[in-house]
Amino acid sequence: MQPASAKWYDRRDYVFVEFCVEDSKEVKLDFEKTKLIFSCLGGADNVKHSNEVELYQSIDPNESKHKRTDRSVLCCLRKGESGQSWPRLTKEKAKLNWLCVDFNNWKDWEDDSDEDLSNFDRFSEMMNNMGGDEDVDLPEVDGADDDSPDSDDEKMPDPE
């Protein structure tokens with residue numbers, strides 16, 4: 001058994017943790033008020049992964065969700081106290097070799113207004129609405145519904 005590599009980032013109301021395990025099976029997540037427990041089988045060799053994290057601050061276990069993809073398992077942890085910045089994911093100030101900050105998604109949100117929602121903030125709202133057969137409004141993609149012909153739809157000249 002080995003820990004899965006993971007990366008995390010902070011938002012105003014949520015903390016996101018992505019466990020990077022390809023082809024995960026038997027994913028089990030336990031959201032507790034001050035702890036996150038993750039386990040799964042992953043990869044072609046069905047390696048058993050297990051991670052346990054004592055969280056920096058409390059979360060709302062009932063409002064926390066996860067989504068599995070072929071490449072990873074993304075957890076959306078609802079903060080117990082919104083608007084509190086988390087300088088680290090863990091309660092203890094220890095360096096875990098399997099955990100790193102996701103700088104691609106990191107954002108200094110403390111100075112931002114609520115009007116400026118990023119795609120990942122919208123994703124967190126979508127994750128919040130995850131459930132049974134409810135209709136979820138996905139973020140708009142420019143040109144996705146556009147029925148007008150594109151410039152690359154023109155007839156190609158015959159090869160000579």
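Just the heavy atoms: all of them, side chains too, but no hydrogens, waters or symmetry mates, feed the values below. Residues take their numbers from the sequence shown, with the count starting at 1.
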Starting from the C-alpha separation in whole Å, work towards a yes-or-no answer on side chain to side chain contact (heavy atoms under 4.5 Å, CB included) for Ile59 and Tyr14.
CA-CA 9 Å; Ile59 62 168; Tyr14 296 91; over 6 Å; no
Please report the closest heavy-atom contact between [X] and [Y], naming both atoms and the distance.
X     : Y     : answer
Trp8  : Leu89 : CZ2-N, 3.4 Å
Arg11 : Tyr9  : NH1-CD1, 3.5 Å
Gly83 : Asp13 : N-OD1, 4.3 Å
Ser85 : Tyr56 : O-CE2, 4.1 Å

Val21 and Met1: same hydrophobic cluster, using ILVMFWY side-chain contacts below 4.5 Å?
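No, it is not one cluster - the side chains of Val21 and Met1 are not joined through contacts under 4.5 Å.
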Under a 4.5 Å side-chain heavy-atom rule over Ile, Leu, Val, Met, Phe, Trp and Tyr, are Leu96 and Val73 clustered together?
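In one cluster: yes.
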Using side chain to side chain contact (heavy atoms under 4.5 Å, CB included), reason through Phe16 and Leu77 one step at a time and then give a plain yes or no.
CA-CA 6 Å; Phe16 290 88; Leu77 309 176; over 6 Å; no
Inter- and intrachain pairs under salt bridge (charged side-chain N to carboxylate O under 4.0 Å, His left out), touching residues 84-97, at least two apart
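Applying salt bridge (charged side-chain N to carboxylate O under 4.0 Å, His left out) to every pair that reaches into residues 84-97, excluding sequence neighbours, yields nothing.
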Could you tell me whether Asp10 and Lys79 make a salt bridge, using a distance below 4.0 angstrom between a side-chain N and a carboxylate O?
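Here Asp10 pairs with Lys79 in a salt bridge, since their nearest N and O are under 4.0 Å apart.
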Could you tell me which residues satisfy side chain to side chain donor-acceptor pair (under 3.5 Å) with Arg68, sequence neighbours excluded, listed by chain and number?
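Scan of Arg68 (side chain to side chain donor-acceptor pair (under 3.5 Å), adjacent residues dropped) gives Ser24.
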Looking at residues at least two apart in the chain, or sitting in another chain, which of them share a side chain to side chain donor-acceptor pair (under 3.5 Å) with Asp30?
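Partners of Asp30 by the side chain to side chain donor-acceptor pair (under 3.5 Å) criterion, ordered by chain and then number, come out as Lys28.
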Could you list the donor-acceptor pairs under 3.5 angstrom formed between side-chain atoms of residues 40-53 and any protein atom two or more places apart in sequence or on another chain?
| from | atom 1 | to | atom 2 | distance (Å) |
| --- | --- | --- | --- | --- |
| Asn46 | OD1 | Lys25 | NZ | 2.8 |
| His49 | ND1 | Gln2 | O | 3.4 |
| Asn51 | OD1 | Ala4 | N | 2.9 |
| Asn51 | ND2 | Ala4 | O | 2.9 |
| Glu52 | OE2 | Lys35 | NZ | 3.1 |

Does the pair Leu99 and Thr90 meet the rule for a side chain to side chain contact (heavy atoms under 4.5 Å, CB included), with working shown?
CA-CA 10 Å; Leu99 181 64; Thr90 58; 4.1 Å; yes
Set of residues satisfying ring-ring contact (aromatic ring centres under 6.0 Å, His included) with respect to Trp98, sequence neighbours excluded
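Trp98 satisfies ring-ring contact (aromatic ring centres under 6.0 Å, His included) with no other residue.
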Stepwise side chain to side chain contact (heavy atoms under 4.5 Å, CB included) test for Phe19 and Leu36:
CA-CA 12 Å; Phe19 293 98; Leu36 169 64; 3.9 Å; yes
